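Numbers here are sequence positions counted from 1. Note that the structure is predicted; figures quoted are calculated from it, not measured.
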Amino acid sequence: MRGSKQIDPKMFYQVQLDDLVPHDDVLRQLSSILDFEFVRRRTVDLYYHAGPHSVDPVVVVKVLLLSFLHGLSIRETMRQASDRLSWHWFLQYDLDETVPDHSVVSKALVRFGPELFEEFFHQILGQCDHAGLLGKRLLHVDSSVIKANASESSVAVKPLLLAEAFHPDLAPRAYWDGDYFDQAMQQLEQHPPGSDLRRRQTVVEGSFG
């Protein structure tokens, strides 16, 4: 006999969030490796001792990690976190709790400052390195040629530093400025337009019409 599925909402449910997250979920694996207590220790002096409780700074760092892992903006990360069970679990928000608004994370970015976030970056990266999660292999990125209606007079070349070997002791800012940028520009100047290096390490900017 053919079945017909309909939902009949219950007033009460006997379910735990932990039971709904697969045991092989990548966020479970990260949680078993990463210790975020250093975030609370380093931010204890940034909050006043009285008044209402703020969002846990560990939650802020975890949101940024989710944003990085999935390539999402903070706003989109919090939107998806509201209905993704594994993200609720990772942020330690129960089923009946509402995740913070994206503006809370944005304000925390200002409160902490770039120097403190660089420290968080190194701490988390160090833990991942200690757990053997960093392969430290050379990374190459391929691309496809797409025809576009662009103005040739507005073409500009920018180096993409994605082919540099990653080192856990390197400051985060070094990946987008400083010696890395200068070395990439020198490599580009030594190769004529149309060479393999040019095609691999450049992007084209133009005014599209």
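The two residues Thr43 and Pro57 have their closest heavy-atom pair at OG1-CG, 3.4 Å. Nearest approach of Pro22 to Leu20, heavy atoms of both residues: CD-O, 3.7 Å. Residue Gln127 comes nearest to Asp35 through the heavy atom pair OE1-N, 2.6 Å, listed as atom of the first residue, atom of the second, then distance. Annotation for Arg75 and His102: closest pair NH1-NE2, 3.1 Å, computed over non-hydrogen atoms. In terms of heavy atoms, Asp24 sits closest to Gln29 at O-NE2, 3.1 Å.
In this structure, His88 NE2 and Thr98 OG1 are separated by 7.5 Å, a value rounded to the nearest 0.5 Å. Arg111 contributes atom CZ, which lies 6.5 Å from atom OG of Ser54 (distance to the nearest 0.5 angstrom). If you take CZ on Arg79 and OG1 on Thr77, they are separated by 10.0 Å, rounding to the nearest 0.5 Å. Separation of atoms CD (Gln123) and CG (Leu34) is listed at 11.0 Å; rounding is to 0.5 Å.
Looking at residues two or more places apart in sequence or on another chain, you find a ring-ring contact (aromatic ring centres under 6.0 Å, His included) between Phe38 and Phe120. Checked against side chain to side chain contact (heavy atoms under 4.5 Å, CB included), Pro9 has the following partners two or more places apart in sequence or in another chain: Ile7, Tyr13. With sequence neighbours excluded, the residues that form a side chain to side chain contact (heavy atoms under 4.5 Å, CB included) with Ser86 are Val21, Asp25, Leu27.
Listed by first and then second residue, the ring-ring contact (aromatic ring centres under 6.0 Å, His included) pairs that reach into residues 14-36 come to none, sequence neighbours excluded.
Between Glu37 and Arg40, the closest side-chain pair of non-hydrogen atoms falls below 4.5 Å. The closest side-chain heavy-atom distance from Asp101 to Met78 is not below 4.5 Å.
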Table please: side-chain donor-acceptor pairs of residues 58-68 below 3.5 Å, with sequence neighbours left out.
unit_1, atom_1, unit_2, atom_2, d
Lys62, NZ, Phe90, O, 2.9
Ser67, OG, Leu72, O, 2.4

Before giving the answer on side-chain contact (heavy atoms from CB on, under 4.5 Å), spell out for Val26 and Leu69 the whole-Å C-alpha distance, their side-chain angles and the decisive distance to 0.1 Å.
CA-CA 11 Å; Val26 65; Leu69 290 175; over 6 Å; no

Before giving the answer on side-chain contact (heavy atoms from CB on, under 4.5 Å), spell out for Arg42 and Phe112 the whole-Å C-alpha distance, their side-chain angles and the decisive distance to 0.1 Å.
CA-CA 10 Å; Arg42 287 294 288 112; Phe112 295 168; over 6 Å; no

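Linking Ile, Leu, Val, Met, Phe, Trp and Tyr residues whenever their side-chain heavy atoms come within less than 4.5 Å places Val15 and Leu17 in a single cluster.
Relative ring orientation between His70 and Trp87 is described as tilted, the plane-to-plane angle lying within the 30° to 60° band.
Heavy atoms of other residues, nucleotides or ligands lying less than 6.0 angstrom from CG of Asp96 number more than 12.
Residue Phe12 belongs to a hydrophobic cluster whose other members are Met11, with links defined by side-chain heavy atoms closer than 4.5 Å.
Between the side chains of Glu76 and Gln80, at least one donor-acceptor pair of N or O atoms lies under 3.5 Å.
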